[in-house]
Amino acid sequence: GELEPAGPPHARDVAWSQPDLSPDGSVICCGYLGGFRSNWTLHYVRPGAPEEENPLTSPDMALYDPAWSPDGQLIACTGFAAGDPGWGIYVIEPTTGQRARLDAGEGNCRHPVWAPDGTQIIFESDRGGTYDLYRMSVPEVSFPEADGEAEQPLKQVLALSFEDGGDGEDVVPDLSGSGNDGRVVEELTWTEDGAHFGDGFVAVPEPSGCDFGTGAFTVMAEITILGGADETRIVMVGDYPEHHLGWQIFVNAEGYGYFNARSPGGGFIGPRSTEPLPHGQRIRLTGVRHEGGECELYVDGVRQRPSVPGGTMQYGDANRIHVGAQYSGGMRFDGIIHRVEVHRGSVYRARISEPVLREFLGR
């Protein structure tokens, strides 16, 4: 089959390579390149149905050339992360994407292959000046993120819930403890598990903790889209002195979901959902700006492709955050918003995707 790349034309330099079938025959793991200047990542696809695919790793480092262990409990691959001395051999946990670099010795190491009994890995290394074959025993592997912590320090700085039906007040309390209470502008219609926006929105003036600099941040919104989309509708926006549209989650006129950050010059850097978002059901949109400027969007835990590099604007103190409207009060979200959150740091990927990966693998 053929996979149709999503996203703007400049991001459609897409490649799939090095497929390896899992021992139980249920999925293929392969290398995936999501666009020009993107890192190689690992993806799953279904044998005979390649349109059914799901990412395993995130683009904050390069990983390719996967090889399943004989028992299906690990995936070895070639990888490189910032700070590594060179290309090396990594092992990946298949249901979380957690990773660990093996000590394969000096030089650039690549192309791992498992011994039939799973106790050794054969690989190439250029430690002697040319690439030759070497082998190593596979140690007991521990994953530093196994306790569910973020790869980068994570701190929630805003959490607004609209699920309690409201109390008739004009203030929505910030549950993060940061003091970033939201103020209702005009009027919201409260439902059993959220608030119907459209006639009003929520403003958070001068929110503390949202001065991300060039560091990572994560924004999340749980929403239900109602009615037909014939114009852009803003779910949440961060307004900064550097740019009034510093970051946003929104639904465009065609019904696609977007998360965007900005380049240093103010350029739009935003991945979109692979398909138009469904109407009438609760969905979770999660946007992540990694420290290196890579921007990702997840819909109900599924990473949308492609990710987009270049979102490296330095964010100072925010002017405001608006929920349900543009910074100017326009482009209102005509639908239900259940909850929104903002975090400093990138949410560890397993928290977003592990349930989806387990379902995809049937584990």
Side-chain angles (χ1 to χ4, degrees), residues 156-160 162 170-174 176 178-188 194-215 217-223 225 229-253 256-272 277 285-289 293 295 297 308 310-344:
Q156 188 180 70
V157 294
L158 177 68
L160 302 181
F162 303 94
D170 293 331
V171 175
V172 181
D174 175 20
S176 76
S178 300
N180 293 322
D181 295 341
R183 301 184 181 279
V184 177
V185 179
E186 298 177 22
E187 184 178 1
L188 304 181
H196 190 167
F197 284 64
D199 293 329
F201 60 94
V202 171
V204 182
E206 299 182 347
S208 63
C210 296
D211 51 331
F212 307 124
T214 58
F217 65 91
T218 303
V219 295
M220 185 280 294
E222 294 185 10
I223 64 173
I225 300 173
D230 55 5
E231 62 181 3
T232 297
R233 293 184 277 183
I234 302 296
V235 178
M236 185 163 50
V237 59
D239 174 7
Y240 289 79
E242 294 80 10
H243 202 292
H244 285 306
L245 312 178
W247 52 261
Q248 298 170 286
I249 293 180
F250 65 92
V251 182
N252 76 351
Y256 289 88
Y258 279 82
F259 162 70
N260 78 275
R262 294 283 167 178
S263 70
F268 179 94
I269 306 295
R272 78 170 192 182
L277 300 176
L285 305 179
T286 306
V288 182
R289 195 279 291 267
C295 295
L297 173 67
V308 183
T312 55
M313 172 175 279
Q314 180 163 325
Y315 294 91
D317 293 327
N319 296 327
R320 63 182 68 85
I321 290 175
H322 276 184
V323 180
Q326 191 58 282
Y327 75 96
S328 60
M331 296 186 180
R332 299 192 180 184
F333 181 77
D334 185 11
I336 297 173
I337 297 179
H338 306 276
R339 184 180 179 89
V340 297
E341 297 178 5
V342 178
H343 301 258
R344 297 175 71 93

Start with the C-alpha gap between Ile225 and Val251, add the side-chain angles, then the distance that decides, and say whether side-chain contact (heavy atoms from CB on, under 4.5 Å) holds.
CA-CA 9 Å; Ile225 300 173; Val251 182; 4.1 Å; yes
Under 3.5 Å, is there a donor-acceptor pair between the side chain of Thr232 and the main chain of Asn252?
no
Charged N-O contact under 4.0 Å between Glu231 and Arg332:
no
According to salt bridge (Lys or Arg N to Asp or Glu O under 4.0 Å), does anything in residues 256-269 pair up with another residue at least two apart or in another chain? List the pairs.
none
Any side-chain heavy atom of Val323 sitting closer than 4.5 Å to one from Phe197?
yes
Between Cys210 and Tyr315, is there a side-chain heavy-atom distance shorter than 4.5 Å?
no
Mark yes when over 12 heavy atoms from residues, nucleotides or ligands other than Glu206 sit less than 6.0 Å from its CD; otherwise mark no.
no
Flag the pair Val202 / Leu160 as yes when at least one side-chain heavy-atom distance between them is below 4.5 Å, and no otherwise.
yes
To the nearest 0.5 Å, atom CG of Leu277 lies from atom CD1 of Ile223 at 6.5 Å
Check whether Ser178 reaches the backbone of Asn180 with its side chain - one donor and one acceptor, N or O, closer than 3.5 Å.
no
Looking only at heavy atoms, which two atoms of Met236 and Val219 are closest? And how far apart?
CE-CB, 4.1 Å
Please tell me if the side chains of Trp247 and Ile321 come closer than 4.5 Å, counting only heavy atoms from C-beta onward.
yes
Could you check whether His338 and Phe162 have their ring centres less than 6.0 Å apart?
no
Validation row, ring centre His244 to ring centre Tyr327 under 6.0 Å:
yes
Under 6.0 Å between ring centres, would you say that holds for Phe212 and Phe217?
yes
Taken in chain and number order and not counting sequence neighbours, the residues that satisfy ring-ring contact (aromatic ring centres under 6.0 Å, His included) with Phe250 are Tyr258
Has Tyr240 got a side-chain atom pairing as donor or acceptor with Gly316's backbone, closer than 3.5 angstrom?
no
Under a 4.5 Å cut-off applied to non-hydrogen side-chain atoms, are Leu158 and Asp174 in contact?
yes
Carefully, step by step, assess Val235 and Gln248 under the rule side-chain contact (heavy atoms from CB on, under 4.5 Å).
CA-CA 8 Å; Val235 178; Gln248 298 170 286; over 6 Å; no
Could you pull out all residues at least two apart from Tyr256 that satisfy ring-ring contact (aromatic ring centres under 6.0 Å, His included)?
none
Compare all side-chain heavy atoms of Thr214 with those of Thr312 and state whether any distance is below 4.5 angstrom.
no
Just do the side-chain contact (heavy atoms from CB on, under 4.5 Å) check on Arg320 and Val237 with the steps written out, would you?
CA-CA 8 Å; Arg320 63 182 68 85; Val237 59; over 6 Å; no
Atom of Phe259, atom of Cys295 and distance for their closest heavy-atom approach
CE2-CB, 4.2 Å
Looking only at atom types and distance, does a side-chain atom of Arg289 sit under 3.5 Å from a main-chain N or O of Asn260, one as donor and one as acceptor?
no
Less than 4.5 Å apart, side chain to side chain, heavy atoms only: is that true for Val204 and Asp181?
no
Please confirm whether the backbone N or O of Gln156 pairs with a side-chain atom of Arg344, one donor and one acceptor, at under 3.5 Å?
no
Measuring only between side-chain heavy atoms, which start at C-beta, is Leu285 closer than 4.5 Å to Met220?
no
Please report the C-alpha distance between His322 and Ile234 in whole Å, then the side-chain angles of each, then the deciding distance to 0.1 Å, and finally whether the side-chain contact (heavy atoms from CB on, under 4.5 Å) criterion is met.
CA-CA 9 Å; His322 276 184; Ile234 302 296; over 6 Å; no
Ion pair check, Arg339 and Glu341, cut-off under 4.0 Å:
yes
Strictly distance-based, threshold 3.5 Å: is any side-chain N or O of Asp239 a donor or acceptor partner for the main-chain N or O of Asn319?
no
